[in-house]
*Asks:* 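This is the structure, below, for whatever I ask next.
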Amino acid sequence: MLYAELPLTVLAGAAAGLLAWLPPRRWVPGPPVAGYAGRAVLAAVVLIGFWLAVQGWYAGLPEPAMDRKP
């Protein structure tokens, strides 16, 4: 299950970071330095939130039991 979810998680995290970085570029007028700083903070907040959501998702999964041989 982890093999299928890991690539999707990485792609979703990259998409979340890009979506947080690109749209404010057009919506926030002003000096470029303030725009870069604001977008960097927004992207960091989105990625941290995404990371926390993923950690919560994986924390809720049951741990695999060890195989015991007689």
Side-chain angles (χ1 to χ4, degrees):
M1 184 160 85
L2 180 64
Y3 297 120
E5 289 180 1
L6 185 60
L8 294 175
T9 303
V10 170
L11 289 174
L18 285 174
L19 287 174
W21 179 262
L22 293 176
R25 183 176 178 188
R26 298 185 191 272
W27 297 336
V28 178
V33 174
Y36 286 129
R39 289 188 318 198
V41 168
L42 179 63
V45 167
V46 166
L47 289 175
I48 289 170
F50 181 77
W51 179 74
L52 290 173
V54 167
Q55 290 299 316
W57 170 263
Y58 284 117
L61 294 177
E63 294 204 19
M66 298 279 293
D67 290 336
R68 296 186 186 185
K69 296 183 180 181

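What you see is a predicted model, and the numbers here were worked out from it, not measured in a lab.
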*Asks:* Which hydrophobic side chains are connected to Ile48, either touching it within the sub-4.5 Å cutoff or through other members that do?
*Replies:* Trp51, Leu52

*Asks:* Could you pull out all residues at least two apart from Val45 that satisfy side-chain contact (heavy atoms from CB on, under 4.5 Å)?
*Replies:* Val41

*Asks:* Which atom pair, heavy atoms only, marks the closest approach of Ala43 to Gly17?
*Replies:* CB-O, 4.2 Å

